[in-house]
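In this text, all values refer to a predicted model and were calculated from it rather than measured experimentally. Each chain gets a letter, A, B and so on, in the order its sequence line appears, and its residues count up from 1.
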Number of protein chains: 2
Amino acid sequence: MKYPSFDHFFMTLGNKQRVRMLQLLNVEGPQSVSDISRALNVEQSAVSHSLQHLLQCHFVTVKQDGKERIYSINEDTVAPLFGQIRKHVEKYCVAGCDHSWESDKEVTYGHKRQTA
Amino acid sequence: MKYPSFDHFFMTLGNKQRVRMLQLLNVEGPQSVSDISRALNVEQSAVSHSLQHLLQCHFVTVKQDGKERIYSINEDTVAPLFGQIRKHVEKYCVAGCDHSWESDKEVTYGHKRQTA
DNA sequence: ATTTCATATGACCATATTATCATATGTATA
DNA sequence: TATACATATGATAATATGGTCATATGAAAT
């Protein structure tokens with residue numbers, strides 16, 4: 001399947017596992033597949049699959065080191081990006097995303113629907 | 001279902017429809033549900049459902065206007081965010097996300113696996 | 001060349017996500 | 001209040017996505 005790049009970008013990040021992997025690489029620095037697997041307690045093949053997604057959007061890069069493959073975060077764009085995103089999250093998603101977003105007033109559609 | 005806010009943030013954006021809606025609001029300005037429905041050629045209820053997701057993460061805001069509800073993009077954080085993201089996308093996802101991301105050399109696992 | 005460790009790939013299944021339909025609620029007006 | 005229009009909601013069907021297993025490929029060493 002193929003998305004326009006903009007969509008693909010978000011689709012790739014729309015997954016806890018992959019985001020956690022990026023955060024790991026961001027904090028701990030370059031890691032091999034088995035490092036990541038161990039650190040996040042995730043199956044090796046699952047990690048590998050996830051990494052392919054991340055690679056496709058250039059969120060990470062790889063280099064071979066002996067038998068291992070070392071993955072790094074894309075410092076150039078991804079790191080600053082996360083900073084910007086954190087701004088939104090910290091400001092608007094502090095205690096998880098709530099529902100106090102009505103500009104004018106609370107509008108609640110209380111349902112009493114009959115199931116027939 | 002409930003995600004930690006950071007995950008929720010991305011999950012919400014990990015959907016073409018919703019991203020398209022944000023882009024619409026970003027470009028065309030505030031719109032009613034039926035405006036959006038018409039513009040993107042999507043069912044009213046589908047639009048409504050999507051908008052709830054976007055509201056929960058404060059990507060958009062609503063205000064009532066007569067019978068209509070006008071949705072706007074969150075200018076404060078979302079707009080600049082998109083700018084930053086565009087940087088990454090334009091630099092690394094120009095012609096869609098390709099596979100030329102090997103740092104050292106191309107490593108292709110050509111498969112000839114027998115299905116039995 | 002064979003063995004071993006590290007990683008990638010494909011197929012398949014469980015599960016999550018989206019779209020659709022029917023219908024309820026909100027708002028305004030006659 | 002009755003009606004019409006606009007939007008939201010819930011249930012559920014259709015679909016997409018992610019994880020697992022088995023196994024193939026790569027690299028290095030024996």
Side-chain angles (χ1 to χ4, degrees), chain A residues 1-3 7-8 10-21 31-38 40-56 60 62-71 99 101-116, chain B residues 1-3 7-8 10-21 31-38 40-56 60 62-71 99 101-116:
Chain A
M1 190 154 297
K2 188 81 177 144
Y3 310 98
D7 294 327
H8 195 182
F10 286 123
M11 291 295 291
T12 301
L13 290 178
N15 174 278
K16 289 185 209 177
Q17 203 84 70
R18 291 194 287 265
V19 171
R20 239 183 298 159
M21 288 174 60
Q31 311 262 319
S32 72
V33 174
S34 33
D35 287 339
I36 299 171
S37 179
R38 227 173 298 115
L40 301 181
N41 197 37
V42 176
E43 282 250 31
Q44 175 269 315
S45 70
V47 172
S48 221
H49 278 303
S50 289
L51 285 169
Q52 301 323 303
H53 286 276
L54 294 174
L55 279 171
Q56 282 176 38
V60 298
V62 224
K63 69 175 177 187
Q64 192 86 32
D65 176 29
K67 301 180 193 175
E68 301 186 326
R69 311 193 83 200
I70 309 300
Y71 285 83
H99 288 254
W101 21 260
E102 296 291 339
S103 296
D104 279 352
K105 55 175 176 176
E106 284 290 352
V107 178
T108 315
Y109 291 102
H111 255 202
K112 303 147 194 170
R113 191 203 192 196
Q114 49 199 13
T115 334
Chain B
M1 191 153 297
K2 189 81 175 143
Y3 309 99
D7 293 326
H8 195 182
F10 286 125
M11 291 295 290
T12 301
L13 290 178
N15 173 280
K16 290 185 209 177
Q17 203 84 72
R18 292 195 287 266
V19 172
R20 240 181 296 159
M21 289 175 59
Q31 311 260 319
S32 73
V33 175
S34 33
D35 286 340
I36 299 171
S37 180
R38 224 174 301 115
L40 301 181
N41 196 37
V42 176
E43 281 251 32
Q44 175 270 316
S45 70
V47 172
S48 222
H49 279 302
S50 288
L51 284 169
Q52 302 321 304
H53 285 276
L54 294 175
L55 278 171
Q56 282 177 37
V60 297
V62 225
K63 68 177 176 186
Q64 192 86 32
D65 177 28
K67 303 180 192 175
E68 300 188 328
R69 312 194 83 200
I70 308 299
Y71 285 83
H99 288 254
W101 20 260
E102 297 290 339
S103 297
D104 281 350
K105 56 175 177 176
E106 284 288 353
V107 178
T108 313
Y109 290 103
H111 255 204
K112 303 147 195 169
R113 192 201 191 199
Q114 50 201 11
T115 334

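- Residue B:Arg69 has no polar side-chain atom (N or O) positioned under 4.0 Å from OP1 or OP2 of D:dA6.
- Protein atom CD of A:Gln52 is 13 Å distant from nucleotide atom C1' of C:dG10, rounded to whole Å.
- Inter-residue side-chain proximity for A:Leu55 and A:Val62 is flagged as met; some heavy-atom pair is nearer than 4.5 Å.
- Look at CD1 on A:Ile70: it is 11 Å from C1' on C:dA6, rounded to the nearest Å.
- Between the side chain of B:Ser37 and the main chain of B:Val42, a donor-acceptor pair closer than 3.5 Å is present.
- Shortest non-hydrogen contact noted between A:Val19 and B:Phe10 is CG2-CD1, 3.6 Å.
- Counting any heavy atom pair closer than 4.0 Å across all strands shown, A:Ser32 reaches sugar-phosphate atoms only and no base atom.
- B:His49 qualifies as a stacking partner of the D:dT9 base, centre to centre under 5.5 Å and near-parallel within 30°.
- Closest heavy-atom contact between B:Ser34 and B:Glu68: OG-OE2, 4.4 Å.
- Closest heavy-atom contact between A:Gln64 and A:Arg69: OE1-NE, 3.2 Å.
- At least one side-chain nitrogen or oxygen of A:Tyr71 sits closer than 4.0 Å to the OP1 or OP2 atom of C:dA8.
- Distance, A:Asp65 CG to C:dC5 P: 18 Å, rounded to whole Å.
- For A:Gln44 against C:dA6, a side-chain-to-base donor-acceptor contact under 3.5 Å is absent.
- Judged by distance alone, with hydrogens and angles left aside, A:Ser34 brings no side-chain donor or acceptor close enough to the base of C:dC5 to form a pair under 3.5 Å.
- Atom pair A:Asp7:CG and D:dA16:C1' shows a separation of 15 Å (rounding to whole Å applied).
- For D:dG19, one of the phosphate oxygens OP1 or OP2 lies less than 4.0 angstrom from a side-chain nitrogen or oxygen of A:Gln17.
- Atoms CE (B:Met11) and C1' (C:dT18) sit 12 Å apart, rounded to a whole Å.
- Applying the 4.0 Å criterion to OP1 and OP2 of C:dG26, one finds that B:Gln64 has every side-chain N and O outside that range.
- Going from atom CZ of B:Arg18 over to atom P of C:dT17 covers 9 Å, rounded to whole Å.
- Checking each of A:Val33, A:Leu54, A:Val47, A:Asp35 against A:Tyr71 for a side-chain contact (heavy atoms from CB on, under 4.5 Å) leaves exactly one that passes, namely A:Val33.
- Smallest separation of non-hydrogen atoms from B:Thr12 and B:His53: CG2-O, 3.7 Å.
- Of the residues near DNA chain D, A:Thr12 and A:Gly66, the one whose nearest nucleotide (by heavy atom distance) lies more toward the 5' end is A:Thr12.
- Of the candidate nucleotides D:dT20, C:dT7, D:dA8, D:dA8 has the atom lying nearest to any side-chain atom of B:Val33.
- The CD-P distance, from A:Glu43 to C:dG10, rounds to 18 Å in whole Å.
- Here C:dA28 is the nucleotide among C:dA28, C:dT7, D:dG19 with the atom lying nearest to any side-chain atom of B:Lys67.
- Rounded to an integer number of Å, the gap from NZ of A:Lys63 to P of D:dA27 is 16 Å.
- Between B:Asn15 and C:dT17 there is no side-chain polar atom (N or O) within less than 4.0 angstrom of OP1 or OP2.
- When distances run from any side-chain atom of A:Glu68 to the nucleotides D:dT9, C:dA6, D:dA6, the shortest one goes to C:dA6.
- The distance from the CZ atom of B:Arg38 to the CD atom of B:Gln44 is 11.5 Å, given to the nearest 0.5 Å.
- Defining each end axis of the helix from C:dA1-D:dT30 to C:dA30-D:dT1 as the rotation carrying four pairs' C1' atoms onto the next four, with five pairs an end, the two axes are found to diverge by 20° to 10 degrees.
- For B:Ser45, the side-chain atoms get nearest to C:dC21 when compared with the rest of D:dA8, C:dC21, D:dA28.
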